[in-house]
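What follows is a single structure, written as structure tokens, with notes after it.
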There are 2 protein chains.
Amino acid sequence: MTDATAIKPHERLAAALSDDMEAVGTLIRTRMASEHAPRIPEVTAHLVEAGGKRVRPLLTLAAARLCGYDGGDHIKLAATVEFIHTATLLHDDVVDESAQRRGRPTANLLWDNQSSVLVGDYLFARSFQLMVECGSLRILDILAGAAATIAEGEVLQLTAARNLATTEETYIKVVRGKTAALFEAACKVGGVVADASEDHVAALAEFGDALGVSFQIVDDWLDYGGAGEGIGKNLGDDFREGKLTLPVIRAVARGDAEERAFWKAALEQGKADDLDRARAILARHGTLEETRLEALAWRDRAKAALMRLPESELRGMLADLADYVVARAN
Amino acid sequence: MTDATAIKPHERLAAALSDDMEAVGTLIRTRMASEHAPRIPEVTAHLVEAGGKRVRPLLTLAAARLCGYDGGDHIKLAATVEFIHTATLLHDDVVDESAQRRGRPTANLLWDNQSSVLVGDYLFARSFQLMVECGSLRILDILAGAAATIAEGEVLQLTAARNLATTEETYIKVVRGKTAALFEAACKVGGVVADASEDHVAALAEFGDALGVSFQIVDDWLDYGGAGEGIGKNLGDDFREGKLTLPVIRAVARGDAEERAFWKAALEQGKADDLDRARAILARHGTLEETRLEALAWRDRAKAALMRLPESELRGMLADLADYVVARAN
């Protein structure tokens, strides 16, 4: 399953949904245009065409098709979801003062923070226009709610950073906001647009939520446990940014006075110059391995939710995607 | 009419609509709360309670009442409009690196840019949730379109800054984006929620657009022609930020080689250390006075649009508001 030469599940999904994905790509290019402000498509294209995996629009398309949808609005919803995601990436890179995203310099570095903030706002507004075109108040409600949860999670992450008192409860809220809320909404609107049964809509929402949580937990694992290459982020980024992620929260709770002093200096006071020691402490308390097991548990929940949906080839690919997401932590 | 002791038109509007405005205030406080992230209401309250004139929600309420509305959704729409406005202020202050807003330190200074970006995103998402509750796809379309126009105008302003080649056409697009689009939408949704005739809805939209344009042109006049006190902005801000506003665009077009060199150094190269000379050049070419006359012409358009609406006390107050907006340039 983790054979590097195998076709990855999201690639198989993209192949199975290639006509839809092409239509999404065309729609994105059309709607990111701006008659008046050429800076907008420049900045957007930099990010949109950087070769992201487009997992979120794939989820919307797969969910809609899985529920038997044969209309055209799922294309608009998939583009909506990708626009919301792109807008949050632009704003995140400003907030995190990031220099790299998807292996390329960030927009805030290539242009400026101003462009990233304003182009993000533009994409967010465009995403709402696309949703409105679908004419479903329920879908608008789901995506507006997701947007609020995302922003709330990001603010919570900001205020929880550099604070050793951060709890696991807060951590999960941040994870839900920064990642799972949009995964959940992406899946759910696919079911709603297909007029699926309430049980199927709920199953899709649970799948998206659990997939998103496991995805983010693995991301946080990778920051300490990964090899640092080909994962699109640098080993130790969270450490240097003072983010309290699951392996650290548990290690802090179990640490002795000396370790607590180490974490305090590194995370609260920004003296994060000894990643090796951080990794050694996590290993001693076994919290990296526990974090991996947490991700697996969320993966299992995601797959269990899928089982409530009609059996199909797409459902199998979504299950494989859930496996793939956690297989990155190996 | 410009007697400083007289009750101002927006104050009379607020008094006439005091029950509605109180309900809007309560709704804003309720919806800016965040269970998880206390930073959100802190930042929002700093701005929302700083004593802005709340012109935009007043426009929505007045438009709805003027068209005979007696339901409750205009309260939600007025709060929506104020949330969108507050979100754009938070982002603007990051973009402009402002230190003062409404006579107080800006949120980006009191907290940080990160909080301003993310809390702005949150308010924007909350505004969409409020709109969705009103259940009108047409209203959602109007406000989503306004949000896109605002962001587009801001990006255009960013790319037009420090560029002497900026045209009047670009200037008007920026003005529409940064100010008139939300004034227009605020008025228009008031008519739509009241189920007003298409002619009345169009008249409200025209009124809002023209009022917004005249408001912004006067703002740009004040930056060079004002006394610099009690106007909520510092004389010469636009000059130092290299913004190409109407009086400057016309003066640049008519300037000789020496003047062009002055503008180039000041606006394009950031050597904006001689505001007095800038003011003298504008005076010599008469462009400040022309700018004031432009604002008056837009004021006249705003009042003409109002005449297409049913006569009422509220209509008279809106006409007075249009007069008041331009009377600031005296």
Closest-packed option against chain B by number of heavy-atom pairs under 4.5 Å, given Ser116(A), Ala151(A), Ser127(A):
Ala151(A)
If you count heavy-atom pairs within less than 4.5 Å of chain A, which of Asp112(B), Leu118(B), Thr170(B) leads?
Leu118(B)
Any idea how Phe128(A) and Phe124(B) line up, ring-wise: parallel (<30°), tilted (30 to 60°), or perpendicular (>60°)?
perpendicular
So which of Arg126(A), Glu133(A), Glu154(A), Met131(A) has the biggest tally of heavy-atom pairs under 4.5 Å with chain B?
Glu154(A)
Take Val94(A) and Asn113(B), measure what side-chain contact (heavy atoms from CB on, under 4.5 Å) needs, and give me the verdict at the end.
CA-CA 9 Å; Val94(A) 171; Asn113(B) 279 342; 5.6 Å; no
Rounded distance (nearest 0.5 Å) linking atom CD of Glu42(B) with atom OG1 of Thr159(A):
9.0 Å
What's the separation between atom CZ in Arg39(A) and atom CG in Leu156(B), rounded to the nearest 0.5 Å?
10.5 Å
Among Gly153(B), Ala148(B), Ala147(B), Gly145(B), the residue with the most heavy-atom pairs under 4.5 Å to chain A is Ala148(B)
Considering only heavy atoms and a distance below 4.5 Å, find which of Val119(A), Leu140(A), Val95(A) pairs most often with chain B.
Val95(A)
Just so I know, are the side chains of Val155(B) and Asp121(A) near enough to count as touching, which here means a heavy-atom distance under 4.5 Å?
no
How many angstroms lie between atom OG of Ser136(B) and atom CG of Leu137(A), to the nearest 0.5 angstrom?
8.5 Å
How long is the span from the OH atom in Tyr122(A) to the OG1 atom in Thr149(B), to the nearest 0.5 Å?
8.5 Å
Leu158(B) versus chain A, the contacting section by heavy-atom distance below 4.5 Å:
side chain
Derivation and outcome, side-chain contact (heavy atoms from CB on, under 4.5 Å), residues His91(A) and His91(B)
CA-CA 11 Å; His91(A) 287 186; His91(B) 287 185; 3.9 Å; yes
